[in-house]
Amino acid sequence: EHRCRIPIPAYPFQRKRCWIDPKSSPVKAQGSTAATAAAGALPVDQWLHTPTWRRGSKSATAVQPDPGNWLVFGQYDHWSEGFTKWLRQRQRHVSFIAVGSRVETANDDYRIDPAVPQDYVRLLEELAEHRGKPERIVHGWAAPVEGPSRVEAFLATQRLGLYTLMYLLKAIVQVWPQDPPTIDVVLPGALHVIGSEPAPQPYLLPIVSFVLSVRQELPHLQIRCVDL
């Protein structure tokens, strides 16, 4: 049998050294890392952590809201109307935002379509032009919504809570990218604090996770969850 050699394309890294040499003087571990390395691996019961709450004493002085303009996203319920009234009684300028079918305004009250992202941009641009940037924004649309099934109730809660918060944050970053206002996200019954309250609302947990991720991705944006 006659055989012959056939030239084929060479391997592109043939006879080329492509390894990264280690540093001659490796950086020594410092702080807790060095202590952990010296002590060995942590016990299994110390791998995870459990969030805990510490009860604080009630302030002796009356609580006063921050000065400046406030923007409250509410649903005309007992909490939203009571909080807005409390702010206005203390001479704070409050713009109340309710759910509607399009952008509408009447004095300091607005209505927007929660499913239209551009409505949030239009709202903030109008406020910035006529009333100035709000110092604080209170998002009070996140509340468990009833539905014919658990799936429908979960999706309805996300549409009015999680998705509206996402649209609002995108609009804030677009209108005030360098100096955004402080945001408080009201989540009634989302957290387990003292142990005697009802179990946390599972429909609100995606919103809690979203807020935590925003604080990591946008460290210049001050946002927090407020449980009632």
*asked:* Does anything in residues 166-177 form a salt bridge (Lys or Arg N to Asp or Glu O under 4.0 Å)? List the pairs, not counting sequence neighbours.
replied: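 Qualifying pairs: none.
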*Can you tell me which residue pairs pass the salt bridge (Lys or Arg N to Asp or Glu O under 4.0 Å) test with a partner in residues 110-127, sequence neighbours excluded?*
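Counting only pairs at least two positions apart or across chains, no salt bridge (Lys or Arg N to Asp or Glu O under 4.0 Å) contact touches residues 110-127.
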*Taking all non-hydrogen atoms of both residues, which atom of V208 and which atom of A190 are closest, and how far apart?*
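In this case the closest contact between V208 and A190 is CG2-CB, 4.2 Å.
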Using residues 211-223 as the side-chain source, report each donor-acceptor pair under 3.5 Å to any protein atom, sequence neighbours left out, with the distance given to one decimal.
| from | atom 1 | to | atom 2 | distance (Å) |
| --- | --- | --- | --- | --- |
| S213 | OG | S209 | O | 3.4 |
| S213 | OG | F210 | O | 2.7 |

*Start with the C-alpha distance between V185 and I207, add both sets of side-chain angles, then the distance that settles side-chain contact (heavy atoms from CB on, under 4.5 Å), and finish with yes or no.*
CA-CA 9 Å; V185 183; I207 306 174; 4.2 Å; yes
*In the single-linkage hydrophobic clustering (I, L, V, M, F, W, Y; side-chain heavy atoms under 4.5 Å), do L168 and V116 co-cluster?*
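No, L168 and V116 fall in different hydrophobic clusters.
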_Any residue meeting side chain to side chain contact (heavy atoms under 4.5 Å, CB included) with R88, in chain and number order, not counting sequence neighbours_ =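 For R88, the residues satisfying side chain to side chain contact (heavy atoms under 4.5 Å, CB included) (neighbours in sequence not counted) are T84, V94, F96, D108, D109.
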*Can you name the residues that form a ring pair (Phe, Tyr, Trp, His ring centres under 6.0 Å) with Y163, not counting sequence neighbours?*
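With neighbours one apart ignored, the set is empty.
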*Straight-line distance of L187 CG to Q201 CD, nearest 0.5 Å*: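 The CD atom of Q201 is 10.5 Å from CG of L187, to the nearest 0.5 Å.
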_Heavy-atom side-chain contact between L123 and T105 under 4.5 Å_ =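 The answer is no, as the side chains (C-beta and beyond) never meet within the 4.5 Å cut-off.
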_Taking the side chain as everything from C-beta on, heavy atoms only, tell me whether F73 gets closer than 4.5 Å to Y110._
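Not in contact.
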*Side-chain hydrophobic cluster, 4.5 Å single linkage: members besides L205*: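 Answer for L205: none, a lone residue.
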*In the hydrophobic clustering (ILVMFWY, side-chain contacts below 4.5 Å, transitive), which residues join V151, or is it alone?*
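When side chains under 4.5 Å apart are linked, the cluster holding V151 also contains F154, L155, Y203.
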What residue pairs, at least two apart or across chains, pass side-chain hydrogen bond (donor to acceptor under 3.5 Å, both in side chains) with a residue in [range]?
range	value
residues 95-104	R102-E104
residues 72-83	D77-S80
residues 149-159	none

_Of all pairs that satisfy ring pair (Phe, Tyr, Trp, His ring centres under 6.0 Å), the ones with a partner from residues 167-191, not counting sequence neighbours_ =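 Non-adjacent pairs meeting ring pair (Phe, Tyr, Trp, His ring centres under 6.0 Å): Y120-Y167.
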Which atom pairs, donor and acceptor, lie under 3.5 Å between side-chain atoms of residues 132-145 and protein residues at least two apart or in another chain?
| from | atom 1 | to | atom 2 | distance (Å) |
| --- | --- | --- | --- | --- |
| K133 | NZ | D179 | O | 2.9 |
| K133 | NZ | D179 | OD2 | 2.9 |
| R136 | NE | D184 | OD2 | 3.2 |
| R136 | NH1 | D66 | OD2 | 2.6 |
| R136 | NH2 | D184 | OD1 | 3.1 |
| R136 | NH2 | D184 | OD2 | 2.8 |
| H139 | NE2 | T164 | OG1 | 3.0 |
| W141 | NE1 | G74 | O | 2.8 |

